[in-house]
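Shown next, in structure tokens, is the structure this report addresses.
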Amino acid sequence: MTSFIPPLHEKSPHLPFGDQQDSAFYGRDIISVNQFDRGQLNYIFDVAHEMYEMVARVGSFDLLKGKILASLFYEPSTRTSSSFTSAMERLGGSVIPINNVSYSSVTKGESLPDTIRTLEAYADVIVLRHPEVGSSALAARYAQKPIINAGDGIGEHPTQALLDLFTIQEELGQVDGLTITMMGDLKYGRTVHSLARLLTLYDIRLNYVAPEILQMPAGIKEEVEAKGIKQASYEDLIPVLPETDVLYVTRVQKERFEDPSKHEELKGSYVISTETMKAAKDRMIVMHPLPRVWEIDMGVDEDPRAAYFRQMEYGLYIRMALLAMVLGKA
Ligand code: NCD
């Protein structure tokens, strides 16, 4: 009798359970937002929307039953790691959580490629957060299984940018035609690096509000420029707030500063309060990837334009969609 189980270490030509092997996402890594086009984004958002409906209706279901996610975080995380865990479990799969690498073999000096090779022997997909730019791309070079970048230092955070864009689409009904103002730590914030790049697929206008030393890196501005997107830099929010449709606030990233006194110096200079919100449009949203430290006063939370807590829920549906897609089930 012939066996349907292929030999170890050979890719299976057979996909059980009517999988979507021909999908553009099956088996693929998610490393950078530059890998997506608008058609694919619409598709991801449609699947995310279906995930939202399914969660609202039944909570959890068995789409990824038997699949295992390895969740490997070399940097702190609350939302990204727990939303991936929730996403996997709501889809009926399970998770190997490695949230504290100090208890793993990494402290014995194991290299990232070896850790990745290990985890892919036990899991079907790996979510990786790591302090070095390019770490997910490196991991993907060694892995046969899909790698999902959950933040590579100050590089990219593609799943965050996808959920940010989904938030804008769901909250304001469209992306084209909007003015998006990014404020805070644009130099070290990987979420704004990914989002600025992703937004170049749309007809939008970008404003950057930050002190000189935390401005958007020149390389990203050049990429945005090359796509013909209008962008402008400011040190103050006041001139651009009245025209802003999406105010995307970020935390000044203390952990990325070599000189802590520099961070102290900047603290408090870019804060959104209920007073600030008086100059904003009635129909606009305030977003933040979170965690928030001091950059948005808690009083703003009551404002219906404050979308940051809804934004993190959208992240669950986006991550459910992505997991289902890379595992060939959507
Ligand atoms: C962000 C991150 O880790 O890049 N958080 C997140 O993933 N939602 C933003 C931050 O740490 O400031």
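In listed order, ligands and their atoms are each counted from 1.
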Looking at [atom], what's its closest protein heavy atom, distance included?
| atom | value |
| --- | --- |
| atom 8 (N) of ligand 1 | P289 O, 2.9 Å |
| atom 4 (O) of ligand 1 | R190 NE, 2.7 Å |
| atom 12 (O) of ligand 1 | R251 NE, 2.8 Å |

Q) Take atom OH in Y122; do more than 12 heavy atoms of anything else shown fall under 6.0 Å from it? A) no
(Q) Quick check on K262: does its NZ atom have over 12 non-hydrogen neighbours (other residues, nucleotides or ligands) under 6.0 Å away? (A)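 Check fails, neighbour count at 12 or below.
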Q.
Would R129 count as a contact residue for ligand 1, given that I'm defining contact as a non-hydrogen atom of the residue lying under 4.0 Å from a ligand atom?
A. yes
Please list, in number order, the atoms of ligand 1 under 4.0 Å from a heavy atom of [X].
| X | answer |
| --- | --- |
| Q253 | 10 (C), 11 (O), 12 (O) |
| L290 | 1 (C), 5 (N), 6 (C), 8 (N), 9 (C) |
| T191 | 1 (C), 4 (O) |
| T80 | 6 (C), 7 (O) |
| H157 | 2 (C), 4 (O), 6 (C), 7 (O) |

Q) Between T181 and N207, is any side-chain donor less than 3.5 angstrom from a side-chain acceptor? A)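 A pair is found: one side chain offers a donor N or O, the other an acceptor, under 3.5 Å apart.
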**Q.** No-hydrogen, no-angle side-chain donor-acceptor test under 3.5 Å, Q231 and Y208
**A.** yes
Q: Measure Q160 to ligand 1 on non-hydrogen atoms and call it side chain, backbone, both or neither using the 4.0 Å cut-off.
A: side chain
Q) Is P291 close to ligand 1, meaning an N/O of one under 3.5 Å from an N/O of the other? A)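 Among all N and O atoms of P291, none is under 3.5 Å from an N or O of ligand 1.
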Q: Say whether E255, considering both its backbone and side-chain N or O atoms, lies within less than 3.5 Å of an N or O atom on ligand 1.
A: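 So ligand 1 has no N or O lying under 3.5 Å from an N or O of E255.
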Q) Per the side chain to side chain contact (heavy atoms under 4.5 Å, CB included) rule, which among D124, I147, I30 passes with V326? A)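 Of the listed residues D124, I147, I30, the side chain to side chain contact (heavy atoms under 4.5 Å, CB included) partner of V326 is I30.
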Q: Would you mind checking if D245 and K281 are paired as a salt bridge, meaning a charged N to carboxylate O distance below 4.0 Å?
A: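 Looking at K281 and D245, the cut-off is met.
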Q.
Centroid separation under 6.0 Å, is that true for the rings of Y314 and Y52?
A.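 When the ring centroids of Y52 and Y314 are compared, they turn out to be at least 6.0 Å apart.
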Q: Just say parallel, tilted or perpendicular for the rings of H49 and F166, cut-offs at 30° and 60°.
A: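 Because their plane-to-plane angle is over 60°, the rings of H49 and F166 count as perpendicular.
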